[in-house]
Amino acid sequence: MERMDRRKFLLSAAAFGGGVVLAGCGSGSSSNSSSGAPKKTHPPIGQEPGTLNILEWPGYEAGGTKAQTYGMIAGTQYTDEFGADGLKYTYIVNDTQAVNKARQVEFDLMHPCIENVQDYVNSNLVQPWDTSLLPSFKNLNPALTERGKINGQQYFIPWDWGYASILYRTDMVDAADATGWELFWNEKYKGRISMWDGAQSNFEVAALKLGFPEMDNQTSDQVEQSKNALIEQKPLNKFYWKSTYSDMQPAFKAGDIWIAYSWQDGYVNMKAEGLAVEFMQPSQGKLGWVCGFMLGANTKSYHHAHKYVESFLDHKACVDLVNLFYYGSADATVQPSDVENKALAKKLNIGDPQALNGDDVNIQSWMPNEDAVALAWQEVSAA
């Protein structure tokens with residue numbers, strides 16, 4: 001089976017509880033969020049439509065669905081109990097596209113990343129979770145669940161996390177050049193570089209390269225400087241990749257590119273191909289990302305949505321997430337001993353609940369001026 005990445009997901013970026021049943025599901029009781037928000041009555045699960053329209057990264061479809069071809073365990077508790085016919089997936093291409101899609105289509109569930117949580121809340125697209133209906137919630141890493149709270153309410157349930165950095169060929173790139181994000185600007189490697197086609201991530205990279213103190217809260221002048229730096233960098237790119245699997249990794253494997261923006265699975269996969277590669281620890285710090293689930297504001301399958309997410313928070317499902325996709329799990333009970341690839345567990349701190357809290361990681365967060373950044377990225381793209 002070919003390993004895959006959460007953003008294969010750009011194809012064209014969890015917890016304990018094995019087999020538990022959600023408290024309150026099937027009863028007529030009212031549900032409320034863990035923050036003490038006013039109670040809102042929901043019909044019992046038997047009176048719900050049982051359909052879920054889900055905004056998701058390709059490859060993260062529930063186990064038991066025809067779309068899930070990688071053998072992922074997550075979701076099988078749900079499909080075993082309710083079947084897969086009621087599940088409909090719409091795919092995320094990138095974070096900005098996902099927010100815009102959610103503004104156009106009403107979803108029951110969404111799987112965005114932490115930097116866009118505020119956008120979904122501001123646009124009234126989501127509602128808080130009732131964490132009492134998620135038995136495995138108690139096993140999630142508090143450092144991650146706290147990031148999912150807005151106004152004291154749990155709008156975001158973290159599930160997967162990982163790093164973004166520079167994947168590079170150690171036999172083609174001089175060691176003295178491979179020290180930080182500035183490698184993307186090294187003219188020595190013109191035509192052998194591939195950055196991702198992502199606005200926010202590229203402006204974060206530019207900010208780190210330029211030494212700005214807040215990569216996700218740049219001033220207008222800093223946005224302009226980042227834009228100019230990216231315009232300067234653009235001619236050095238072979239291409240901006242859109243899909244890690246159909247664009248970047250095949251080109252990397254073929255030797256067409258030697259340097260690429262990548263998530264950690266790229267390192268594992270290229271290593272498995274026998275290539276001499278490294279996943280850089282930039283002097284400015286690598287990027288850290290956290291993705292998870294949000295609940296549609298107007299879902300008519302409220303209990304089904306909680307059941308579905310609980311089936312992803314199951315401990316076995318979370319161990320499988322790490323071993324299948326090479327990403328971290330929000331399940332704090334996943335230990336390094338659960339990870340099959342011991343070298344990966346050590347190198348990337350898989351299983352360490354404090355892995356994203358180090359000084360060598362810059363966790364992606366909400367950009368207050370993301371509209372200005374998006375417009376600036378359009379200028380880069382058009383340059």
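Counted by atom type alone, Tyr91 and Gln97 present zero donor-acceptor pairs between their side chains at under 3.5 Å. Asp221 and Gln225 share a side-chain donor-acceptor pair at under 3.5 Å. At a cut-off of 3.5 Å, with distance as the only test, no side-chain donor of Tyr240 or Asn202 sits close to an acceptor on the other residue. For the residue pair Tyr60/Asp160, the side-chain donor-acceptor check at 3.5 Å is satisfied.
Using a 4.5 Å heavy-atom threshold, the side chains of Phe325 and Met72 count as touching. At a threshold of 4.5 Å between non-hydrogen side-chain atoms, the residues Thr219 and Glu214 do not count as touching. Contact of the Phe203 side chain with the Lys227 side chain is registered, since non-hydrogen atoms from C-beta on lie closer than 4.5 Å. When side chains are defined from C-beta on, Asn116 does not count as touching Met294, because their heavy atoms never get closer than 4.5 Å.
Taking the six-membered ring where the residue is Trp, Tyr308 and Tyr78 present perpendicular rings, their angle passing 60° and hence far from 30°. Classification of the Tyr267-Phe279 ring pair by plane angle, with boundaries at 30° and 60°, yields tilted. Between Trp181 and Phe184, the ring planes lie tilted relative to each other; the angle falls in the 30° to 60° range.
Residue pairs meeting the salt bridge (charged side-chain N to carboxylate O under 4.0 Å, His left out) criterion with at least one member in residues 356-365, sequence neighbours excluded: Lys286-Asp360. Within the structure, the salt bridge (charged side-chain N to carboxylate O under 4.0 Å, His left out) test picks out the following pairs touching residues 190-211 (sequence neighbours left out): Asp197-Lys242.
When all heavy atoms of Val290 and Pro158 are compared, the pair lying nearest together is CG1-CB, 4.0 Å. The two atoms that bring Trp289 and Ala164 nearest to each other are CD1-N, 4.3 Å, heavy atoms only.
Remark: Lys234 NZ is packed, more than 12 non-hydrogen atoms of other residues, nucleotides or ligands lying under 6.0 Å away.
Two rings, from Tyr155 and Tyr120, have their centers 6.0 Å or more apart.
Clustering of Ile, Leu, Val, Met, Phe, Trp and Tyr side chains at separations under 4.5 Å places Leu210 together with Phe212.
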